[in-house]
Amino acid sequence: MTLARRKFDTLVIGAGGGGLRAALQLAQADAKVAVVSKVFPTRSHTVAAQGGINAALANVLPDNWHWHMYDTIKGSDYLGDQDAIEYMCRAASNLVVELEHAGVPFSRLENGNIYQRPFGGQSQDFGGKQAARTCAAADRTGHAILHTLYQQNIRAKTHFFDEYFAIDLIKDEEGVILGALVMSIETGEPLLIEAKTTLLATGGAGQLFRTNTNAHINTGDGLAMALRAGIPLQDMEFFQFHPTGIAGKGMLISEAARGEGGYLTNKNGERFMERYAPNAKDLASRDVVSRAIFIEVQEGRGCGPSGDYVNLNINHLGEEVLNKRLPAICDSIRTFLRVDPAKDPVPIYPTAHYTMGGIPTNRQGQVVVPIEHGEEPIPGLYAVGECACVSVHGANRLGGNSLLDIVVFGRAAGNDIIGYLREHRYHRPINESDVEQAMAHLTRWDRKGDGISVAGLRGELQAIMEKYCGVFRTEEILQQGLEKVLEIEQRLDDVVLYDHSKIFNTARIEAFELENLVDIALATVKSALSRQESRGAHSRVDYPERDDKHWLKHSLFYKQDRRMAYKPVRLKPLTVDTFPPKERVY
Ligand SMILES: Cc1cc2nc3c(=O)[nH]c(=O)nc-3n(C[C@H](O)[C@H](O)[C@H](O)COP(=O)(O)OP(=O)(O)OC[C@H]3O[C@@H](n4cnc5c(N)ncnc54)[C@H](O)[C@@H]3O)c2cc1C
């Protein structure tokens, strides 16, 4: 097979908000940038973000970045790195204004300022009254941001490889990343993209679970590519379950619904969140609300004939507010539930939503790995967005902080890469041996005949993850889960594509995705089994308390030998005092 080659200063893998924000920074600095995406860029999952992006603009209620920083650290259950969190919260206002100037059509207040709504886990004055920090373009904020960033990239002459699938990173003997092997989905032809720097921005892995809010493409490919390149994954036990998914289906009803005044009730019509979070009530942190719903249903207070969901009430808000502030959400409710949200309560249940863990990076977006005394960057490799773990979300992300994360660290990585390119002006030579492994991987799934289908095995994996690695966990359940995922890994060898002469490239892509999901499932279950405490989204029934003495540390999972290692949380912020861990109540 002949291997076509292209050369760029920077290869960005992923065209969501993270990848596009970084690419824009680079293209505007006249770097030669390639963006590879397995779907057309504006179909990346960022497009689905509804609720908004956090910044302490204080347009609606008093606010400042220091309160935002406190809320984010508390939300993270003190596992977030405080230097990165300070950096993000301080940068937020400038970045939102920059988005506004780039063309994002934010919703407006009467006085013309950007509209901001209250979201979960937000407070004024370090834990006081509810804040209103989430800047919104109705309930289509991600759509507005992604389209704006795409258009700005077209203007800045970023080079797009649309519908190309990245298979593996290329690494030389000294561990420097030299680009990646990608494949055209249309033709199946491989392409080697050589780059002085490579940025992973491949998004999350919500497809690990059967019921989830994520796009079908969110299979965590970048995470698996990093694992195969010998890089560990950080904090993979922390997976966010969003409290309000459409019951039985999983699509998201944004927290904006509760931010605008919606509330939850059980079958007795009781506003049960008042018992679990007396102050914040329905706007407590997501992990807290998800667990509360789960307990209500478990204890027999669920609604409906099978008692397997609770109700979200937004009908009292009135048609005008619903149409103005939550139009897309109302649309989803009508389409998927055949319920009129202006009249009737909406059945909801927690659904897998966000990958807090990921590829370890510093706040410049460089991928960093532990060495004997500290850590060091992998030369030429960066990661931003949901595939990265910088870590600003720690054990639980606050709503509205992920769109912020992608633009803040997308820009930071872009800036750092500009500096790197100044010091590394030439491409390093690529040896054939550097490419061999990736080329061998390329044909791994060209198998026909009798065997297991990709879709079937993916479905089994998702059901296992949901049952054995869900909202509540125990040693016994996780151990069973680990064994079942290992069985699935064995059965990958029996996977075949189509039993006729032609293999479609889309089928081949789904096989690559399944292989990636299996690796990430192992990382998730193994990390969850190892962490013997409850913190944020990781809730162990057998270890119900947070244990700062032994577990205030980040976990690292290595593919080789499925080894776990740990590294300290960076508790020291950049300029202000540390927020020391304390009991987390809402
Ligand atoms: C329904 C929903 C609503 C949300 N609402 C909000 C919200 O209101 N506020 C908020 O802050 N956050 C929200 N989030 C979270 C937030 O939207 C995401 O975390 C964020 O947009 C992720 O951006 P990203 O750039 O990291 O990745 P994505 O936008 O997921 O993009 C990933 C990119 O990588 C590409 N890619 C992946 N694998 C490969 C491969 N192998 N080869 C080539 N390309 C590849 C894809 O094609 C895509 O372009 C929401 C998430 C969901 C699912």
Side-chain angles (χ1 to χ4, degrees), residues 11-23 35-55 117 119-120 134-137 139-146 149-150 160-169 180-185 193 199-207 212-225 240 242 244-246 250-256 259 328-329 332 351-356 358-359 383-388 393 397-407 409-410 509 512-513 515-516:
L11 164 63
V12 176
I13 306 179
L20 291 189
R21 184 63 192 81
V35 176
V36 170
S37 174
K38 64 178 172 175
V39 294
F40 189 77
T42 52
R43 296 188 62 202
S44 306
H45 189 63
T46 298
V47 82
Q50 303 172 343
I53 175 167
N54 293 340
R117 56 167 58 111
F119 244 51
T134 306
C135 311
D139 57 357
R140 304 187 185 100
T141 316
H143 184 278
I145 292 176
L146 190 64
L149 288 175
Y150 179 62
F160 283 94
F161 289 92
D162 297 339
E163 302 191 349
Y164 276 72
F165 186 85
I167 292 173
D168 267 319
L169 295 168
L181 183 71
V182 307
M183 179 180 112
S184 155
I185 298 178
I193 302 189
L199 173 90
L200 290 165
T202 49
Q207 288 300 330
N212 68 71
T213 63
N214 279 205
H216 194 69
I217 54 166
N218 288 9
T219 49
D221 302 342
L223 303 176
M225 284 163 70
Q240 179 164 81
H242 195 292
T244 57
I246 289 184
M251 296 84 165
L252 182 71
I253 299 181
S254 166
E255 202 165 291
I329 289 166
S332 297
T351 172
H353 185 55
Y354 184 84
T355 316
M356 259 88 66
I359 304 161
V384 296
E386 197 169 332
C387 72
H393 310 303
R397 172 178 76 94
L398 291 188
N401 264 358
S402 175
L403 287 177
L404 179 61
D405 164 3
I406 63 180
V407 292
F409 295 104
I509 298 297
F512 281 118
E513 291 175 339
E515 183 189 5
N516 291 339

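All values below were derived from every heavy atom in this structure, side-chain atoms included, with hydrogens, water molecules and symmetry-related copies excluded. Numbering of ligands and ligand atoms starts at 1, following listing order.
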Before accepting this row, confirm whether a basic side-chain N of the pair Lys38/Asp221 lies closer than 4.0 Å to the acidic partner's carboxylate O. yes

Does any N/O atom on Phe119 come nearer than 3.5 Å to any N/O atom on ligand 1? no

How close do [X] and [Y] get, counting heavy atoms only, and between which atoms?
| X | Y | value |
| --- | --- | --- |
| Ser332 | Ile246 | O-CD1, 4.0 Å |
| Ile253 | His242 | O-CE1, 3.7 Å |
| Val182 | Tyr164 | CG2-CD2, 3.8 Å |

For ligand 1, which part of [X] has a heavy atom less than 4.0 Å away: the side chain, the backbone, both, or neither?
| X | value |
| --- | --- |
| Met225 | neither |
| Arg397 | side chain |
| His45 | both |
| Ile406 | side chain |
| Ile53 | neither |

What is the distance from atom [atom1] of [X] to atom [atom2] of [Y], rounded to the nearest 0.5 Å?
| X | Y | atom1 | atom2 | value |
| --- | --- | --- | --- | --- |
| Leu169 | Leu200 | CG | CG | 5.5 Å |
| Met225 | Cys387 | CE | SG | 9.5 Å |
| Glu255 | Thr244 | CD | OG1 | 7.5 Å |
| Asp168 | Phe512 | CG | CZ | 8.5 Å |

On a heavy-atom basis, I'd like to know which of [options] is closest to [atom].
| atom | options | answer |
| --- | --- | --- |
| atom 8 (O) of ligand 1 | Gly51, Gly16, Ala15, Ser402 | Gly51 |
| atom 33 (C) of ligand 1 | Ala201, Ser37, Gly203 | Ala201 |
| atom 42 (N) of ligand 1 | Ser254, Ala166, Cys387 | Ala166 |
| atom 37 (C) of ligand 1 | Thr202, Leu20, Leu200, Val182 | Thr202 |

Non-hydrogen side-chain atoms of [X] and [Y] separated by less than 4.5 Å:
| X | Y | answer |
| --- | --- | --- |
| Arg21 | Ile406 | no |
| Val12 | Val36 | no |
| Ile53 | Val407 | yes |
| Glu163 | Val39 | no |
| His45 | Asn214 | yes |

For [X], atoms of ligand 1 separated by under 4.0 Å from a heavy atom:
| X | result |
| --- | --- |
| Asn214 | 53 (C) |
| Gly385 | 26 (O) |
| Phe165 | 41 (N), 42 (N) |
| Leu252 | 1 (C), 2 (C), 3 (C) |
| Tyr354 | 19 (O) |
| Tyr164 | 42 (N), 43 (C) |
| Thr213 | 1 (C), 53 (C) |
| Val39 | 47 (O) |

Who's the nearest protein heavy-atom neighbour of [atom], and how far?
| atom | answer |
| --- | --- |
| atom 35 (C) of ligand 1 | Gly14 CA, 3.5 Å |
| atom 9 (N) of ligand 1 | Gly52 O, 2.9 Å |
| atom 11 (O) of ligand 1 | Leu403 N, 2.7 Å |
| atom 23 (O) of ligand 1 | Thr46 OG1, 3.1 Å |
| atom 48 (C) of ligand 1 | Ser44 OG, 3.3 Å |
| atom 39 (C) of ligand 1 | Asp221 OD2, 3.6 Å |
| atom 13 (C) of ligand 1 | Ala49 CB, 3.8 Å |
| atom 25 (O) of ligand 1 | Gly18 N, 2.9 Å |

Residue pair Asn54 / Thr134, side-chain donor-acceptor N/O under 3.5 Å: yes

Residue pair His353 / Thr213, side-chain donor-acceptor N/O under 3.5 Å: yes

Close approach, Arg43 and ligand 1, non-hydrogen under 4.0 angstrom: no

Min heavy-atom dist Gly142 to ligand 1 below 4.0 Å: no

Are the aromatic ring centres of Phe160 and Phe40 under 6.0 angstrom apart? no

